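Data block below; observations after.
Letters A, B, ... are given to chains in the order of the sequence lines, protein chains preceding strands, and every chain is numbered from 1. All heavy atoms count here, side chains included; hydrogens, waters and symmetry mates do not. Nothing here was measured: the structure is a model prediction, and the numbers come from that model.
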Amino acid sequence: MSLQDKLDAERNLRLVNETVRAAYEETVATLSRNGLMPGVLVEEAPFPDFILPNTEGRLVSLSALLARGPVIVQFFRGEWCPYCRLMLDALVTLLPEIEALGASLVALTPDTGLPARDAKINHGAAFEVLSDIDCGVGLAAGVVFRLPPLYKARLQTVGLDVPGRHGNDAWFLPIPATFLLDREGRVAWRFADVDFTRRAAPERIVAALRQLAAPD
Amino acid sequence: MELTQVRYFVALSRSLNFTRAAEACNVTQPALTRAIQRLEDELGGPLLFRERSTTQLTELGRTMLPHLDAMLMAADSAAALADARRRQPIASLKIGLAPGIGCGAIAFAVREVAAILPDLMIRLDEAAAAMLIESMLTDMLDCALLPEDCDLPDRFNHWPLYDDRAVAVLPVSHALAERTSLTAGDLHGETLLHGERCGGFAALFDTMCQGQARLRRCDGAIGHLLDLVHAGLGVALLSERIVLPATLIGLPITEPALTRRVRLVAIAGRPQGAAVSGFVKLCRARCGVDGR
């Protein structure tokens, strides 16, 4: 079963609930019409260099990673999101292949503290999980949006403490975009979708990485 | 949202003048206006309105400004830290510590920043919370670790770092030193040494268990207080994070629970250098991981 098949099954299961469906449809519709996508970094664009803290209290430098090879920058909403959990598992499975191709992977979430650490520990992730504090790098990559009212209300209803997790009450989230950066830090390939139940297919990430390693 | 849109909006909210904001951002006024309009489309309403010759923030604009400003600063500081790693400028980090709060919980963050900025100058100031707040307002300190029970002016951001628990500090020769934990009853008749640097645990204990123990005022440095405990003058209730000499032992108090939440405090919206923003981000990324 492919990652997208799992994501679709999860979505179909959850959208039976009318409140969940309304919040989901509002988010996708809002992001489709409000001009988010044109602002997302495209192929050839230089990805902004950054240093962010990881879940172990260390600073991780993008340029230090790029010195070793291509880097995959994966934005995710948080371990609270069932689609992100499926994606994290898929990335854990994919990591050996990514590393075999000389690349590294970092996953950026606006979550801080225990929730960010749980994303790494609960999935046994050997890649770096970085706290994108106040969504700064997400903003520079053009992937941040403000939660529409229904979706915010739904998260509040289920008791998700987004302000506590983010350390701010802005209610911003990234779309779960994937960027493959070449060694110069330029976007070689990207996946971005306003529908948070759609994620980069692992085989497409690897294909893009192979293409980068040995262009036709 | 795009970085430039947010940057233009923050500049405009400061000057409330399209011409000046466009100049400050080095763009044409129509380009600035278009970017703001696109941001308004995305955020779902006008951020500014024009009244006669003046420009004002709408309620949505006022609500969004601190969040957009914080996000912009986070974007700039993530890049500034990366730039500082290459250039290695001289930088400083001035951290305030409220009485009885050690720097053990944040030492990792100082170390990480110093690894990127080898010429980092570090200053740690221990003082009363009100003085630390004043020092931050006058830019003498970058940030501080304060207990949750002190009032903060509106301009401050704060993040919970950890819950500090008290231990009873005794000489290893004390009759209670064989125990693994203590309750209020065990301290009946003991003298508790308490001073301004003890973190207020003895006062908290006295409020919760009136009459269980005698309080003896004893101000001074923690090291001096520990010398007096060693000499048998009394028991001290101190943060479990304070490192004790081998001649003393710290026993957890299980009943009543003596805890206080320690938070990181910094002024909202103040531009921070790479060292300070890196430090604050490291601490925020570890909020609650260390003992909550």
Side-chain angles (χ1 to χ4, degrees), chain A residues 30-31 33-36 38-41 48-64 108-118 129-146 148-149 163-172 174 185, chain B residues 1-7 37-44 63-64 66-86 106-109 111-113 115-116 157-161 264 268 274 277-290 292:
Chain A
T30 304
L31 298 186
R33 72 163 179 266
N34 73 359
L36 176 108
V40 181
L41 288 184
D49 195 8
F50 64 78
I51 289 183
L52 284 178
N54 70 6
T55 55
E56 285 88 45
R58 310 301 295 247
L59 289 172
V60 174
S61 151
L62 175 63
S63 38
L108 274 60
T109 171
D111 276 349
T112 61
L114 288 171
R117 196 188 61 164
D118 287 350
V129 173
L130 309 181
S131 283
D132 184 17
I133 305 278
D134 296 335
C135 292
V137 175
L139 173 67
V143 300
V144 180
F145 66 97
R146 184 186 181 214
R165 298 174 79 104
H166 291 187
N168 66 55
D169 58 357
W171 293 86
F172 293 149
Chain B
M1 275 174 268
E2 289 176 44
L3 188 63
T4 49
Q5 295 168 355
V6 175
R7 197 181 298 289
Q37 278 167 351
R38 290 213 311 277
L39 185 61
E40 289 177 327
D41 288 344
E42 190 166 338
L43 293 175
T63 306
M64 294 310 300
H67 302 315
L68 293 172
D69 195 18
M71 184 163 57
L72 181 63
M73 285 205 293
D76 287 345
S77 69
L81 205 53
D83 185 54
R85 180 174 169 271
R86 280 189 296 274
I106 53 157
F108 79 96
R111 177 203 64 210
E112 279 300 295
V113 174
I116 284 185
N157 278 331
H158 54 90
W159 302 276
L161 279 186
L264 175 67
S277 65
F279 173 80
V280 170
K281 283 185 177 183
L282 278 159
C283 290
R284 286 180 61 187
R286 291 286 291 180
C287 272
V289 175
D290 192 17
R292 274 252 310 275

Check: CG of A/Leu36 to CE of B/Met1: how many Å apart, nearest 0.5 Å?
Finding: 8.0 Å
Note to self: Which one wins on heavy-atom pair count under 4.5 Å against chain A: B/Met64, B/Arg38, B/His158?
What the structure shows: B/Met64
Check: Are any non-hydrogen side-chain atoms of B/Leu68 and A/Arg146 less than 4.5 angstrom apart?
Finding: no
Check: If you count heavy-atom pairs under 4.5 Å with chain A, which of B/Gly44, B/Ser77, B/Ala74, B/Pro66 comes out on top?
Finding: B/Ala74
Margin query: Which heavy atom of A/Gly167 sits nearest to which heavy atom of B/Trp159, and what is that distance?
Written below: O-NE1, 2.7 Å
Item checked: Atom pair CE/CD1 of B/Met73 and A/Ile133 - distance to nearest 0.5 Å -> 13.0 Å
Next item on the list: Supply the atom-to-atom distance A/Leu59 CG to B/Phe108 CZ, rounded to the nearest 0.5 angstrom.
Entry: 9.0 Å
Next item on the list: Could you tell me whether a side-chain N or O of B/Arg85 sits under 3.5 Å from a main-chain N or O of A/Ser61, the two making a donor and an acceptor?
Entry: no
Notebook entry, point to check: Tell me, side chain or backbone of A/Arg117 under 4.5 Å from chain B's heavy atoms, or both, or neither?
Noted result: side chain
Check: Hey, are the side chains of B/Asp83 and A/Asp49 touching, using non-hydrogen atoms and a 4.5 Å cut-off?
Finding: no
Item checked: Most chain B-contacting option - heavy-atom pairs closer than 4.5 Å, from A/Gly136, A/Ser63, A/Ser131 -> A/Gly136
Notebook entry, point to check: What option among A/Ala140, A/Ala141, A/Pro115, A/Ala64 has the most heavy-atom pairs under 4.5 Å with chain B?
Noted result: A/Ala64
Check: With side chains defined as the heavy atoms from C-beta onward, is the minimum distance between A/Asp169 and B/His67 less than 4.5 Å?
Finding: yes
Next item on the list: Give the minimum heavy-atom separation between B/Met71 and A/Asp134, together with the two atoms involved.
Entry: CG-O, 3.1 Å
Notebook entry, point to check: So how far is it from B/Leu282 CG to A/Leu52 CG, rounded to the nearest 0.5 Å?
Noted result: 9.5 Å
Check: Is it the backbone or the side chain of B/Ala79 that comes under 4.5 Å from a heavy atom of chain A, or both, or neither?
Finding: both
Next item on the list: Find out whether A/His166 and B/Arg284 are in side-chain contact, i.e. whether some heavy atom of one side chain is under 4.5 Å from a heavy atom of the other.
Entry: no
Check: How long is the span from the CG atom in A/Leu139 to the CD atom in B/Glu2, to the nearest 0.5 Å?
Finding: 9.0 Å
Next item on the list: Could you look at A/Thr55 and say if it's the side chain, the backbone, both or neither that has a heavy atom under 4.5 Å from chain B?
Entry: backbone
